[in-house]
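In what follows, chains carry the letters A, B, and so on, assigned in the order in which the sequence lines appear, proteins first and then strands, with residues in each chain numbered from 1. Please read all numbers here as calculations on a predicted model, not as lab measurements.
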Amino acid sequence: MSDDDKSVLRAPRGMRDFYPDEMAVQNAIFSAWQSAACRHGFLQYDACVVESLDLLKRKAGEEIEKQIYSFQDKSGRDLALRPEMTPTLARMIAAKQGALSFPLKWFAIAQCFRYERTTRGRKREHYQWNLDIVDEQSVSAEAEVIATAVSALSMLGIGSDDAAIHINSRALLADLLDGSGIPRKIHGAVFLALDKLGKLTDAEVSASLESAGLSKENVEAAFRIMRLETLDEARKLLGEETESYRELLSLFSMLSHYKIDAMARFDISVVRGLGYYTGIVFEAFDKAKRLRAIFGGGRYDNLLQDLGGKPMSGVGLGFGDVVIAELLSASGRLNGISPTRDLALGYMEEAQRPASMAAAEQFRRQGRSVDLALRNQKAKAFFSWANKSGFVEAAFIGPEEVLAGEVRVKTLEDRTERSVALPGC
RNA sequence: GCGGGCGUAGCUCAGUUGGUUAGAGCGUCAGGUUGUGGUCCUGAAUGUCGCGGGUUCGAAUCCCGUCGCUCGCCCCA
């Protein structure tokens, strides 16, 4: 086979196929997302995967723009595969802002595309669970969104031993920086430095801060802020209880009422890259912090007005399928997940096919999932196949069964059998 | 965009300082006589050794290029 022949057998770079075993895992994740969202009163929506490039560009920086899968349709329209769901959500809400009742709680499971180098935990295509609460000012929105995500994690077997939610507030950071006399213009540089703190040496970080325009005193102040470990320390540095501080305090209190405060912690280093976050931001990580963020999100204030809608404050959360699948796999929680195979039905001779079909139909009316053999086969071959395919039960119909009007249904795991009457033909 | 590692059977990999028809395990399929699976035994199929070029009497092995995969960095969902 030549190179060309082989490459046509592979999915394009960064894109994924889901064979049945992998699809079962994917379904388990989707179903956890879906039922957690429903339990928390979110309504599902969906939208087209293709968006107008113009809409996506409004929100994206130059760097992100290069990573958008864009193309022209045959009439020359500039279109793109959506890199995230939020612009679409904002568009849908802005278009019907007068007709919708707020605050609204919506969720979507959206396939998103990003043209970039693939790495561990990051493909060019992924599914992202999006939770949004729009037009609610209070931190109850943050609490609800976080609690919903935690609920999904717990359905997948991930608890406080495995993951932690790191919470911060951009507003609090801004207050702290203001209080230290660091000009607004260069707050962004400090946000960037926070992200680098573990990766670069302190000397390198302070050098980059200085080159961004911070004075020596500013850099020292920035380091005092970046070293904060608790909310209480932050309050002391602020010298007063700012609104941003009280919001965080209130959020932690709400999380404790949901009994998920064990998973939550204040973490000054969480800033999130996305430009549109304005208030509280959060990210969930595996305990060992070996993987990328499991989910992340925060409060945005300007999203709707940027699209020409009425200003509304919202909270959003994005939870991708790739990292959680890696975490589940690393912690051995995928072992039990495989395609559901209920009852296998086989028959010895072509003559038993009609009776087998009638029996299959009877079981199916009872709501069972029945895989009826497509051709007759030997008993040995049939049971061997049924066993390795992971069926719960198997039944084999030969002349004797048809004559007796009865078939033995065998439970494969313990080899016990029970008799079931065949329907009359 | 920058840097590291790796491409041999469906999968995991051996393959000695270049030397005959390239191997193992797992998996798959078929058999071990009469209609019941996980063990065991026997047998079988499958590779232009990623691709192209070069060096050589001779290349899976050495060199160059290329494509692909992968892991970091940058950035970010």
Q: With C1' as the reference atom in both, quote the distance from B:U16 to B:A60 in angstrom, rounded to an integer.
A: 14 Å

**Q.** Euclidean distance for C1', B:G52 against B:A59 (whole angstrom)
**A.** 15 Å

Q. Quantified in whole Å, what is the C1' atom distance between nucleotide B:C13 and nucleotide B:C49?
A. 13 Å

Q: In whole angstrom, give me the gap between the C1' atoms of B:A9 and B:U28.
A: 12 Å

Q. Once you round it to whole Å, what is the distance between P of B:G35 and NZ of A:Lys380?
A. 12 Å

Q: Would you state whether a donor and an acceptor, one from the side chain of A:Arg408 and one from the base of B:U36, lie under 3.5 Å apart?
A: yes

**Q.** Candidates B:G32, B:U70, B:C75 - which lies nearest the side chain of A:Thr118
**A.** B:U70

Q: Describe the nucleic acid contact of A:Glu417 in one word from base, sugar-phosphate, nothing, applying a heavy-atom distance below 4.0 Å.
A: nothing

Q: Write down the distance between CH2 (A:Trp385) and C1' (B:G27), rounded to a whole number of angstrom.
A: 18 Å

(Q) Whole angstroms only, please: what is the CD-C1' distance between A:Glu349 and B:G35? (A) 10 Å

Q | Closest-nucleotide ordering on RNA chain B, the 5'-leading residue of A:Arg124 and A:Arg290 | A | A:Arg290

(Q) If I take atom CD in residue A:Gln352 and atom P in nucleotide B:G35, what distance separates them, rounded to the nearest angstrom? (A) 12 Å

**Q.** Given B:U36, B:G35, B:C75, the nucleotide with the shortest approach to the side chain of A:Met348
**A.** B:G35

Q. Using the C1' atom in both, what is the distance from B:G7 to B:G15, to the nearest Å?
A. 15 Å

Q) Between A:Glu136 and A:Ser138, is any side-chain donor less than 3.5 angstrom from a side-chain acceptor? A) yes

Q) In terms of ring plane angle, is the pair A:Phe383 and A:Phe396 parallel, tilted or perpendicular, where the classes change at 30° and 60°? A) tilted

Q.
With a 3.5 Å distance limit and no angle check, can you tell me whether A:Glu22 reaches the backbone of A:Tyr19 through a side-chain donor-acceptor pair?
A. yes

Q: Go through the N and O atoms of the side chain of A:Glu401 and the base of B:G35, and report whether any donor-acceptor pair is under 3.5 Å.
A: yes

Q. Is a side-chain donor-acceptor pair under 3.5 Å present for A:Arg299 with A:Ser313?
A. yes

Q. Once the angle between the rings of A:Trp385 and A:Phe382 is folded into 0 to 90°, is it parallel (under 30°), tilted (30 to 60°) or perpendicular (over 60°)?
A. tilted

Q: Measure from the side chain of A:Thr119, starting at C-beta and using heavy atoms only, and say which of B:C73, B:G35, B:G32 lies closest.
A: B:C73

Q. In whole angstroms, how far is the P atom of B:C75 from the CZ atom of A:Arg272?
A. 15 Å

Q) How far does the C1' atom of B:G72 sit from the matching atom of B:C11, given to the nearest Å? A) 27 Å

Q: Give a yes/no on whether any side-chain N or O of A:Arg117 is located under 4.0 angstrom from OP1 or OP2 of B:C74.
A: no

Q.
So, does A:Lys196 get its side chain near the phosphate of B:C75, meaning an N or O under 4.0 Å from OP1 or OP2?
A. yes

Q) In whole Å, what is the span from the CD atom of A:Glu116 to the C1' atom of B:C75? A) 7 Å

Q) Between the side chain of A:Gln305 and the main-chain N/O of A:Asn302, is any donor-acceptor distance below 3.5 Å? A) no

Q | From A:Thr86, A:Thr278, A:Asp132, A:Asp306, residue fulfilling side chain to side chain donor-acceptor pair (under 3.5 Å) relative to A:Tyr300 | A | A:Asp132

Q: Could you measure between the two C1' atoms, the one in B:C64 and the one in B:G47, and give it in whole Å?
A: 26 Å

Q) Contact class for A:Pro399 (heavy atom, under 4.0 Å): base, sugar-phosphate, or nothing? A) base

Q: For A:Lys66 and B:C75, give me the distance from atom NZ to atom P, rounded to whole Å.
A: 12 Å

Q) What interatomic distance, in whole Å, is found between C1' of B:A30 and the corresponding atom of B:G19? A) 38 Å

Q. Which whole-number value in Å describes the distance from A:Ile68 CD1 to B:C75 C1'?
A. 14 Å

Q) When we call it a touch if two heavy atoms are under 4.0 Å apart, what does A:Lys410 touch: a base, just sugar-phosphate, or nothing? A) base

Q. Base, sugar-phosphate, or nothing: which does A:Glu413 touch, judged by heavy atoms less than 4.0 Å apart?
A. base

Q) Where the side chain of A:Lys123 is defined as all heavy atoms beyond and including C-beta, which of B:U70, B:G35, B:G72 is the nearest nucleotide? A) B:U70

Q. Looking at A:Lys388, does any N or O in its side chain come under 4.0 Å of the phosphate oxygens OP1/OP2 on B:C29?
A. yes

